[in-house]
Structure formats: structure tokens, C-alpha cells
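In what follows, every chain begins at residue 1, and chains take the letters A, B, ... in the order their sequences are listed. No hydrogens, no waters, no symmetry mates; every other heavy atom, side chains included, goes into these values.
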Number of protein chains: 2
Amino acid sequence: MSDMRFQLLETAAALYAERGYEAVSMRDIAKVVGVTQANLYYHFKDKADLIQATLAHVFELRGLSLQGWIAEHPGDQLDAFVRWFVTTLMTDRVFARLLYRELIDGDGERIAMLSRTVLQLPFQVITDAVANGRSAQDAKMVAISYVGFVVGQVLILPLSPGLTGQDDGSENADAVATRLLGLMRSANVEA
Amino acid sequence: MSDMRFQLLETAAALYAERGYEAVSMRDIAKVVGVTQANLYYHFKDKADLIQATLAHVFELRGLSLQGWIAEHPGDQLDAFVRWFVTTLMTDRVFARLLYRELIDGDGERIAMLSRTVLQLPFQVITDAVANGRSAQDAKMVAISYVGFVVGQVLILPLSPGLTGQDDGSENADAVATRLLGLMRSANVEA
DNA sequence: GTCTATATGCGGATAGAC
DNA sequence: GTCTATCCGCATATAGAC
């Protein structure tokens, strides 16, 4: 991939994640990269094309990151996945926000792309991890629930200060992951 | 509240929920209601004011709905809340989408409003329900986790077909709520 | 590949008549 | 309260020079 295209995708990803697709103009992206707005139309057909390319770019990279992580932690796969997912969602702001935006606004096509690129592997990992004694169908339900737990847990973090009255916005990824894993295991044993 | 103001708020809520704030123009809303675009500026100072008023309108109404529901189900409060929340998120598209948008894009002020109007009560209900034997701090953590479980579970529903390979997009609210409650109880007993 | 220049339309917002 | 008319800036997108 050309360097300019890469720069445009990275910049677009950061801006889209922060403000949303509609709120970011082709001019905004061009200005940050330091080229003219017209130049973007040499690299991308139109704005929809840029958005689609940006999502593919980000999700494929993160999918690879997860793949590497899983391979490096052959022991407890469920543990490895949950820690990777929580940590990534809490520290990789671009990925996290684009993922949430897609879950809300993505059409069938884009949701399918998201499933393929980042979620297929963790889904398989969890399904295998919880399989013992369960039907294949049940294992799938549990797996998808777990993905939901992580996604939901990180999404509501900003509510914490307002509800608990204390400012624990600083809760770290390891603590959240450990809490979730404890819950999953306790639910798992009695299933 | 005047009838016109009410109509504008309801229409704005539906359009904002569906497409997002930036993607909806004052003209779009005016057209649906059947007035001119300039008329909106008699009722609202500017677009930001309309958005803020729309969110307050929707969240206050839903907060009242929850309040009524909780009062009518004095038995198992946790059960009542989870069923209300899951059902509402799965059937009230306007509320659900505005809530998710706020969790992503809301600033401190709007998140605080959301906490006050809809989340304060359920948070209290859960905290009380899980309190026995726990420190107040732990109970709060558990309560906020539960809110996250519900939020996450509903958010990932569109992923279900792509991941499980089967089209269970038709999973109903009761089934989801029952599954979540089972998990919460099994985690609760061993805490 | 990247630029300048421009067509064309939509957006928020206001003034002032009724 | 609601309308018509209008200002003005910004957005996407294209044409064509370099």
C-alpha cells in the first residue's frame, strides 16, 4: 500500500472514531495529512469508499493483532482472549470507538465484515473453551454472550463516576478483565 | 408543553436515533412535521438546543416508565429491572439507539443527565438486590456490571446471525432476560 | 500523483411580514 | 406562532493543468 494511502486511512480512522463519519469532512482529513481535499479523490472514489476502506484497514489490523496474541498464549484461551479484548477496547480508542459505531450504525454488509475480520476467531476460541458438556448450539450462545459482556462492560465505564459517586474512571483493564473472567467461570461451572 | 413542541421532539428523537445527530438536518425534521425549517427556531434556540431537549424528553419519559414498572413489581426487583431493561432496549428502538449514541458520544454533562434520568433508579435497585453480605462498594461494582451485561447483550444481537451461522435475529426479549438473570444469580451465590 | 479552480447543492441561522 | 426570503459558509465532487 502506498504511503499516502496509508496515512489517509490512519488519519481518517482517528477522526471518524472521535467524531463520527458524518461529522468529519474530506477537508478535515486532507488538512491533517497536509494535502488538498481534491487529492483524496485520486485515492478513494468517494466518501463512502473512504469510510469502507478505513474500517477494513482498522479491523484487519486488529484482527491480526488478536491472532498473534492468541497464538502466543496457548494455555488458557478464554483468559487470553478476554484480556486482549478488554485491554484493546480500553486502550485502543480508535478501534473501540469504530467498533461501537459499527455495532450501532453498520448495515448488514459492514457488520458481516466486522464479524469476519475480528470476531470470527475469538468466537471460535470461546466456543471451544466452553464446549465441554454443552451442545454446539449452547456453546455458541455462551460465546456470543461473553463477547457481549466485554463489549457492555467497557461501554458503561463512563457511567461509573456518576453512579457510584466515586471517580473510578481510572479502573484498569486487568481489573475489569479479571472481574469478568471470574463471573464467566462461576457461571460456567454450574451450567 | 405545546403540541407543536411535543411533535418536534418526538420527530427529532426518531430521526436522531435512526441516523445520528449530524446526519439529520433541521429541514429533515421540519419536513416530517409539516412546518417550515425557520419555525424550529421559534421553539429551540439552535440545533444543539434541540438535541439536548430531545434527549431530556426521551430519557425522562423512559425513566418514568421504569419507575412505574418497578413499583408494580415489588417482588423480585432485580428480575423486574432486567426484564424491563432488556424488553425496552429490544422493542423501543428510539430509546435504545439514543442511549447507545450517548454512551459513545455524550460529553460529561449529557452522560450525567442520562445517569440521573434513567439509570439512577435501576442502579439503586440492583445495589439493594445484591447487597447481602457484600460491602457497599462491592455491591455498586456488581450493579454497574449488571447494567453493562444488559447493554452489551442487546448491542451484540445483530452479530448473532453472522457468528452462529443461524438466523436467530428473532430471539425474543424474555429469552435474553432469562439467560442474563440465570448468569447473574449463579455468579451471585458464589460471591 | 497532486495541484488549482469551480460547479452545485445543502446546511444552520436570521430578518421581518403576517 | 408560523411564514417567506435570504445570507453565507461548508460539503461533496469533478475538470483539467502541471
Student: Counting only N and O atoms by type, is there a donor-acceptor contact under 3.5 Å from the side chain of Arg101(B) to the main-chain atoms of Tyr16(B)?
Tutor: yes

Student: Determine: side-chain N/O of Asn39(A) to OP1/OP2 of dC3(C), distance under 4.0 Å, yes or no.
Tutor: yes

Student: I need a per-nucleotide contact map over nucleotides 5-18 of chain C, read 5' to 3'. Cutoff is protein heavy atoms under 4.0 Å; write B for the base, S for backbone only, - otherwise.
Tutor: B-----BBBB----

Student: If only side-chain N and O atoms of Tyr42(B) are considered, is one of them under 4.0 Å from the OP1 or OP2 phosphate oxygen of dT2(D)?
Tutor: no

Student: Is a donor from one side chain sitting under 3.5 angstrom from an acceptor on the other, for Ser115(A) and Gln120(A)?
Tutor: no

Student: Do the side chains of Asp76(B) and Arg83(B) get close enough for a salt bridge, i.e. N-O under 4.0 angstrom?
Tutor: no

Student: Which one of Leu121(B), Thr127(B), Ile126(B) satisfies the side-chain contact (heavy atoms from CB on, under 4.5 Å) criterion with Phe123(B)?
Tutor: Thr127(B)

Student: Reckon Thr36(B) has a side-chain N or O less than 4.0 Å from the OP1 or OP2 of dT2(D)?
Tutor: no

Student: Hey, does Leu66(A) have a side-chain heavy atom less than 4.5 Å from the side chain of Phe85(A)?
Tutor: no

